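The structure appears right after this line, and notes come after that.
Given the structure is predicted, the values throughout are model-derived calculations rather than measurements.
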Protein chains: 2
Amino acid sequence: METGPVKPWHLDRVPTCPLVMTLNILGGKWKPLILHRLASGTLRFGELRKRIPAVSQKMLTQQLRELEADGMIVRTVFPEIPPRVEYSLSSRGLSLRPLLDQLYRWGQTELMSEEAPADKSWS
Amino acid sequence: METGPVKPWHLDRVPTCPLVMTLNILGGKWKPLILHRLASGTLRFGELRKRIPAVSQKMLTQQLRELEADGMIVRTVFPEIPPRVEYSLSSRGLSLRPLLDQLYRWGQTELMSEEAPADKSWS
DNA sequence: CAGAATCCTTCAAGATACTG
DNA sequence: CAGTATCTTGAAGGATTCTG
């Protein structure tokens, strides 16, 4: 009913610098993480949670709704019992895969030069 | 002395996914913006404020300190009166210029396809 | 000019309980 | 399973004042 969907810490909705607009969409605390996880393929709600352990269920739901509203992801509800909901990247969401990869790699090369952990439970 | 400098909304300091580590550094509300502005060259505190109108003086100071602590920018104080402080990207900061450019361009191509504003007061 | 220090308000987000 | 609904609070962040 659009009663004011929390709107976390968006800077502005008025068109400004393209970078600001990008950050309005990607700037959410968990959004890049969510998008990156989904970049590997469709995931159910519960699976997504497991891949981002630190996020609460409430936050995850909220961020997913915002990403959906911004056209970054697609939410598919299967009318089953128990319910099943799958999330995947939209075409727009897919368009920033290279960006997410670059973010990932920057952290790799610039922040983890040494200290390569044996397990790669995330990736 | 690392007494706990506010530490805004970092996810974790323990090494996790490279993307998480990257977001710990870049994830601040204004940080990508600051870094992008500095990517064009050294700026004084006041100049930086003018280029990010929505940020308060307090927030700008805070974010700059964090970026400095993370080795992304260099803060140079000139012992003059009135004081002058200049900020510029460190070598590490420079290393993510392509990333910032890509963020900027994604917003341009994906969010501003039509509706190209005549003035480009930001850029 | 470039902040530091206070005070104060809002709100992001955790915890918990409930539901189709 | 995948949420919604409430309640509560820590802290993000604004406004203002003071200073080297």
Side-chain angles (χ1 to χ4, degrees), chain A residues 1-13 20 23-24 26-34 37-38 42-69 73-88, chain B residues 1 3-13 23-24 26-34 37-38 42-69 73-88:
Chain A
M1 209 205 279
E2 292 298 306
T3 54
V6 182
K7 199 205 276 184
W9 50 276
H10 284 58
L11 306 173
D12 268 324
R13 274 304 177 186
V20 173
L23 294 175
N24 278 341
L26 302 185
K29 190 171 175 179
W30 307 97
K31 290 178 184 175
L33 237 24
I34 294 171
R37 297 328 188 215
L38 291 179
T42 299
L43 288 176
R44 306 182 50 169
F45 185 81
E47 293 172 333
L48 206 41
R49 276 206 72 179
K50 284 176 198 163
R51 306 199 181 209
I52 312 178
V55 72
S56 68
Q57 172 259 23
K58 177 184 168 183
M59 274 300 99
L60 183 55
T61 301
Q62 191 179 104
Q63 305 276 299
L64 284 169
R65 289 290 134 79
E66 289 175 17
L67 285 171
E68 191 193 4
I73 64 174
V74 176
R75 179 171 180 265
T76 311
V77 182
F78 294 84
E80 307 170 358
I81 291 180
R84 178 161 60 110
V85 180
E86 289 187 350
Y87 293 91
S88 57
Chain B
M1 208 206 280
T3 55
V6 181
K7 197 202 280 184
W9 51 273
H10 284 57
L11 306 172
D12 268 324
R13 275 302 178 186
L23 294 175
N24 278 342
L26 302 185
K29 190 170 173 179
W30 306 98
K31 289 177 184 176
L33 237 24
I34 293 172
R37 298 328 189 214
L38 290 180
T42 299
L43 288 176
R44 307 182 49 170
F45 185 82
E47 294 171 332
L48 205 42
R49 277 205 70 179
K50 284 176 198 162
R51 306 201 180 206
I52 312 177
V55 73
S56 68
Q57 172 258 23
K58 177 184 169 183
M59 274 301 99
L60 183 54
T61 301
Q62 190 179 103
Q63 303 277 301
L64 284 169
R65 289 291 135 78
E66 289 177 16
L67 285 171
E68 190 193 5
I73 63 174
V74 177
R75 179 171 180 265
T76 311
V77 181
F78 295 84
E80 306 171 358
I81 291 180
R84 179 159 60 110
V85 180
E86 289 187 351
Y87 293 91
S88 56

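Contact detail for A/Leu38 and A/Ile73: the closest heavy-atom pair is CD1-CG2, 3.8 Å. Between A/Arg84 and A/Glu80, the closest heavy-atom pair is NH2-OE2, 3.0 Å. The two residues A/Leu43 and A/Arg37 make their nearest non-hydrogen contact at CD1-O, 3.9 Å. Across B/Trp30 and B/Gln63, no two heavy atoms sit closer than the pair N-OE1, 3.4 Å.
Of the listed nucleotides (D/dG14, C/dC1, C/dA4), C/dA4 has the atom at the smallest distance from the side chain of B/Arg65. The nucleotide whose nearest atom lies closest to any side-chain atom of A/Met59 is, among C/dC1, C/dA13, D/dG14, C/dA13. The nucleotide whose nearest atom lies closest to any side-chain atom of B/Gln57 is, among D/dG3, C/dA4, C/dA13, C/dA4.
As a whole-Å value, the separation of A/Glu66 CD from C/dC11 C1' is 13 Å. Following rounding to the nearest Å, B/Glu86 (CD) and C/dA2 (C1') show an atom-to-atom distance of 13 Å. Regarding A/Gln63, its CD atom lies at a distance of 14 Å from the C1' atom of C/dG14, rounded to whole Å. To the nearest angstrom, C1' of C/dT6 lies 9 Å from NZ of B/Lys58. Note: CD1 (B/Ile73) to P (C/dA2) measures 14 Å, nearest angstrom. The CD-C1' distance, from B/Glu80 to C/dC1, rounds to 10 Å in whole Å. As rounded to whole Å, 13 Å separates atom C1' of D/dA11 from atom NZ of B/Lys29. The CD-C1' distance, from A/Gln62 to C/dA12, rounds to 8 Å in whole Å.
Summary of the strand contacts: A/Thr61 and A/Pro83 both lie near DNA chain D, and taking for each the nucleotide with the nearest heavy atom, the more 5' one is attributed to A/Pro83.
For the pair A/Ser56 and C/dG14, the criterion of a side-chain N or O lying under 4.0 Å from OP1 or OP2 is met. Contact check, A/Arg44 against D/dG3: no side-chain N or O comes under 4.0 Å of OP1 or OP2. Considering only side-chain N and O atoms, B/Arg84 lies nowhere under 4.0 angstrom from the phosphate OP1 or OP2 of D/dG20.
Residue contacts shown for B/Phe78 are absent, as no nucleic acid heavy atom lies under 4.0 Å away. Contacts of B/Arg49 with the nucleic acid, taken as non-hydrogen atoms under 4.0 Å apart, are absent.
The line from CG of B/Leu60 to CZ of B/Arg65 is 9.5 Å long, rounded to the nearest 0.5 Å.
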